[in-house]
Structures are given as structure tokens and as C-alpha cells.
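One structure below.
Values below: all heavy atoms of this structure, side chains included; hydrogens, waters and symmetry mates excluded.
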Amino acid sequence: MNIVFFSSLLPPDYYGGAEILTLTLAEAFAAKGHTVTIYTGGPNRRFTQNGVEIIQIPELRHSPQCKTSLSQYYATKLHTALRHEGSIQNADIIHAIDLDSITLLSYWKEIQDKFVVTMQDYGLICPAGDLLYGSIGCLNYCHENKGFQCIAHRGVYGIASLRLRLSYAVRKLVRDKVLDRLKNVICVSNYVAQSLLRIHKPDLKQVIPNCLSDEWFIKNNVQKTFDILYVGRLEAYKGIDVLLHAIHEMKNPDLHVGIVGGGSRMYYENIVRMKGLEKNITFFGIVDQRQIRKYYQHSRVIVVPSIWPEPCGRTIIEGMASGVPVVATRTGGTPESMVHGKHGYLIPAGNSSIMASTINSLLFKKKLLSVMGVSARNYAKKMYNTDVVSGTYLSFYRKVSCGI
């Protein structure tokens with residue numbers, strides 16, 4: 001097949017879930033003998049990487065996420081730049097995974113029969129408004145049916161509050177129009193699929209989870225440096241506050257915690273100092289995706305304390321693939337990613353006491369840690385390896401190509 005991907009960013013420029021998934025799938029398809037092209041943002045440049053032709057174009061450098069009302073203008077620019085490209089004209093499938101690319105390509109009428117999207121971005125599926133917050137990060141109280149109370153929770157009032165509400169109204173209007181044009185949709189979890197179906201019913205839909213490249217499943221017998229590892233954005237909606245409270249409640253002077261990720265690092269470093277946990281917690285900042293495996297391998301327990309409902313948490317899958325038990329909150333698509341009691345534990349979101357006792361119950365049971373780690377790795381290798389997941393994608397592509 002001739003498969004074309006669109007991704008506004010790609011590693012190493014950005015290591016988000018959508019970008020990692022794009023590159024992982026593209027390289028897997030190329031290895032299976034398919035012709036694969038990726039269009040991404042950047043100066044006009046073409047090069048080949050692991051059998052994939054990567055084409056950088058300036059038209060994908062502009063983010064309509066911040067300029068929603070101008071998305072049709074940017075879509076027209078993209079169409080003008082690429083409509084005569086041979087890779088587009090000869091494509092069997094045109095696949096977009098990130099929000100910006102999905103939005104831009106949804107305006108392109110002549111490709112809709114072969115246009116596939118992967119839904120994992122709350123900017124498209126959240127019925128109560130994650131789009132509202134842009135890069136600030138939503139605390140996501142909407143999943144508790146509190147609507148715009150999340151604005152007040154952040155202390156936003158007056159003109160600023162009005163601006164956010166108007167921004168949401170505009171973005172919701174654009175998002176709904178985008179969804180109406182999508183015919184072939186892949187969702188990363190049943191949770192995402194159910195959220196989508198509340199507002200849009202595509203012609204063809206399938207649930208396919210995230211995947212990991214083979215290197216994630218290589219066993220390494222290394223010394224466990226961290227008792228607990230957290231990987232993710234340092235923002236409240238990711239539950240980092242709850243994790244720090246839990247660590248404080250554990251009252252273990254020998255506990256060693258690694259925290260990897262960008263965001264409000266200085267704010268959380270201050271909290272750590274206030275709680276007297278400087279000797280227990282080490283902040284590593286943003287780590288290159290090519291180096292991040294070693295942090296998982298050196299850890300005894302992975303903690304995913306998200307308050308917001310994760311679509312299909314990559315950290316959970318990466319932790320399991322590394323042979324490490326996971327303690328995660330029972331939100332969003334997370335309960336679909338692991339089995340409670342076999343690969344770790346699922347706990348209520350926002351409860352630091354339960355989190356502390358659950359982590360302790362694992363750390364003091366070395367045999368259980370080992371058994372769960374082996375079970376988690378085997379499960380991840382069976383469910384999330386690239387060969388299996390890419391094969392499922394190809395089956396979906398064939399259905400699209402045949403017009404089923």
C-alpha cells in the first residue's frame with residue numbers, strides 16, 4: 001500500500017504520544033514493504049529515515065490550535081501546496097494523528113474516502129472543553145460534570161473568564177464541524193470511542209491501542225535505582241500533587257523517587273522543599289525519548305496518578321513493557337491498558353492515602369514485584385508490540401480502501 005502520514009511535529013523535535021505513534025507505525029509499515037511518506041512541519045526539506053520518506057513543509061509549522069478561527073485559511077494553504085504532489089495523488093491511505101493535521105485535512109474534500117484519523121486528542125473528543133485551555137493544561141473537572149467550574153477552580157474570573165468561555169464556544173464550533181467530516185476513525189481505547197460517539201458517528205470505526213517498538217521489550221537485569229518513577233507533564237491534571245502528598249504520607253526516609261517530565265517544575269520543586277522531601281525526590285526534567293527506557297528499567301514501581309481521564313496512557317504501556325508493575329488511577333482508558341492485581345493496581349483518582357498504602361504494599365513484597373513485572377512485560381508484548389498493532393491498522397486500511 002501507499003500510505004501517507006501527516007504530523008505537524010515529529011521526534012526529535014517533539015516526543016508527544018501522537019508523534020511517537022506516527023513515526024513508530026510509519027517505520028513498521030515501511031519494514032513490511034509498504035511505501036510510506038510523512039509530511040511534517042519545518043523548512044522545505046526531504047530525507048529518508050528507516051525506509052520512510054519524510055517531507056518537511058512550512059505549511060504545517062503554523063498551529064491552528066491557537067488560531068482556530070483561521071483553520072480554513074491554513075487548510076487552503078496546505079491544499080494549494082500539496083494538491084499536485086505525487087505521493088498524495090497516488091496514496092491509498094492518508095492518515096493524520098495529531099489535532100492540527102486532522103483539522104487541516106478535514107477540509108480537503110477529495111481525500112475524504114481515503115482519509116483516516118486516530119483519535120487520542122481531547123481537543124477533538126472532550127464534550128466539555130479541553131480545547132479551552134491550550135498549553136496551560138486543563139484540570140478536567142468536566143469529567144465530574146462540573147462544567148465551567150474548572151475555570152473558577154483555577155481562579156480565573158472577569159474578562160479572562162469571559163475570554164476563555166468565548167474561546168471554547170468558537171473552538172467547539174470548529175471541532176464539531178471537523179468531526180462531522182470524519183468518515184474513518186481509529187480510537188486508542190473504548191473510552192475514547194464512547195466519548196466520540198456521544199457527538200459523532202463515523203462511517204467506519206475501530207479501537208486500536210498505542211504500540212511500542214521492539215526495543216522496549218528487551219530484558220535488562222539492572223540495579224533498581226528508584227523505588228518510584230513518575231513520567232509525564234508536571235501539571236495538576238496529571239495528579240503530580242497527589243503523588244507528592246502520598247510520598248509525604250509514606251514517611252520513608254530511604255525512599256528514592258524519580259520524576260521525569262517538563263511543565264511547572266519550579267512550582268513542584270518548591271512543594272518538595274516545603275515537605276522536606278529533597279533527599280527523597282530527584283527531578284530530571286525533559287528526557288530524550290531515546291534515553292527514557294533506562295529510567296523505567298531502573299525503577300521498582302511506576303506511578304501514573306492522573307486526575308484527568310487518560311485516553312490510552314503511554315507511560316502505563318512503557319512501564320509494563322519494561323517489566324515494572326504500575327500503580328495507576330482508574331480513569332479514562334487506563335483500566336483497558338492493564339489488569340488490576342496482575343500488572344499492578346488501579347486506584348481511585350485524587351486519593352493520596354490509598355496511593356501511599358498501595359505503593360507500600362508493593363515495595364515491601366519483592367516476590368510480588370517480580371511476578372507482576374514479568375506478567376506485565378508478557379502482557380505488553382502480546383498486546384502492544386508494533387507488529388501486532390500495525391497489522392491491525394493495515395486491516396483497517398484495507399477496509400477503507402475497499403469502501404467497506
Side-chain angles (χ1 to χ4, degrees), residues 15-21 24 97-99 118-131 133 135-144 150 186-196 198 207-212 216 228-243 246 259-263 289 292 296 301-322 324-340 343-352 354-355 358-359 376 379-380 383-384 389:
Y15 284 105
E19 291 73 26
I20 295 171
L21 180 60
T24 302
I97 297 179
D98 69 299
L99 171 60
T118 295
M119 302 293 288
Q120 62 173 0
D121 195 316
Y122 274 98
L124 281 171
I125 64 172
C126 176
D130 282 50
L131 269 175
Y133 304 100
S135 61
I136 296 174
C138 177
L139 292 178
N140 213 59
Y141 286 84
C142 61
H143 77 283
E144 299 174 356
C150 50
I186 293 169
C187 299
V188 292
S189 65
N190 285 302
Y191 173 80
V192 170
Q194 291 163 8
S195 300
L196 171 66
R198 289 202 297 266
V207 174
I208 307 176
N210 276 318
C211 61
L212 300 176
W216 279 95
I228 299 169
L229 178 70
Y230 169 89
V231 178
R233 291 283 299 173
L234 305 185
E235 304 293 351
Y237 68 98
K238 284 288 191 177
I240 182 69
D241 304 72
V242 183
L243 174 59
I259 295 181
V260 174
Q289 185 69 16
I292 205 167
Y296 286 99
V301 176
I302 306 299
V303 180
V304 184
S306 292
I307 292 174
W308 81 320
E310 295 282 353
C312 180
R314 179 167 287 273
T315 300
I316 296 167
I317 298 171
E318 291 174 345
M320 291 195 299
S322 303
V324 184
V326 178
V327 174
T329 50
R330 194 184 293 274
T331 61
T334 296
E336 302 172 44
S337 301
M338 57 181 285
V339 179
H340 175 73
H343 312 133
Y345 294 109
L346 295 167
I347 61 175
N351 192 314
S352 60
I354 292 178
M355 185 178 294
T358 302
I359 295 171
Y379 183 77
M383 300 295 294
Y384 306 118
V389 173

For the residue pair [X] and [Y], what are the closest heavy atoms and their distance?
X	Y	value
A349	S306	CB-O, 3.8 Å
V192	C187	CG1-CB, 3.9 Å
V188	P311	CG2-CB, 3.9 Å
G333	S189	CA-OG, 4.0 Å
Y384	P209	CE2-CB, 3.7 Å

Student check: side-chain heavy atoms of [X] and [Y] closer than 4.5 Å:
X	Y	answer
E336	M383	no
T24	C211	yes
I307	T329	no
T334	I316	yes
M338	Y379	no

**Study point:** Main-chain N/O of V231 paired with T315 side-chain donor or acceptor, under 3.5 Å
**Key:**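 Yes, because the side chain of T315 sits within donor-acceptor range (under 3.5 Å) of the backbone of V231.
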Measuring from atom [atom1] of [X] to atom [atom2] of [Y], what distance do you get when rounded to the nearest 0.5 angstrom?
X	Y	atom1	atom2	value
L234	I240	CG	CD1	5.5 Å
E310	T331	CD	OG1	6.5 Å
I347	R330	CD1	CZ	10.0 Å
I317	N210	CD1	CG	5.0 Å
L196	N190	CG	CG	12.0 Å
R314	S337	CZ	OG	11.0 Å

Review point. Side chain to side chain contact (heavy atoms under 4.5 Å, CB included) with S352: which residues, sequence neighbours excluded?
Key: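 Scan of S352 (side chain to side chain contact (heavy atoms under 4.5 Å, CB included), adjacent residues dropped) gives V242, H245, A246, E249.
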Check your understanding: What residues, two or more places apart in sequence or in another chain, satisfy side chain to side chain contact (heavy atoms under 4.5 Å, CB included) together with P305?
Key ->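 By the side chain to side chain contact (heavy atoms under 4.5 Å, CB included) rule, P305 matches Y230, L243, V303, M355.
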Point to revise | Verdict with supporting geometry, Q120 and I97, side-chain contact (heavy atoms from CB on, under 4.5 Å) | key: CA-CA 8 Å; Q120 62 173 0; I97 297 179; 3.7 Å; yes
Point to revise | Those residues that, when tested against Y296, pass ring-ring contact (aromatic ring centres under 6.0 Å, His included) (two or more places apart) | key: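 Partners of Y296 under the ring-ring contact (aromatic ring centres under 6.0 Å, His included) test: W216.
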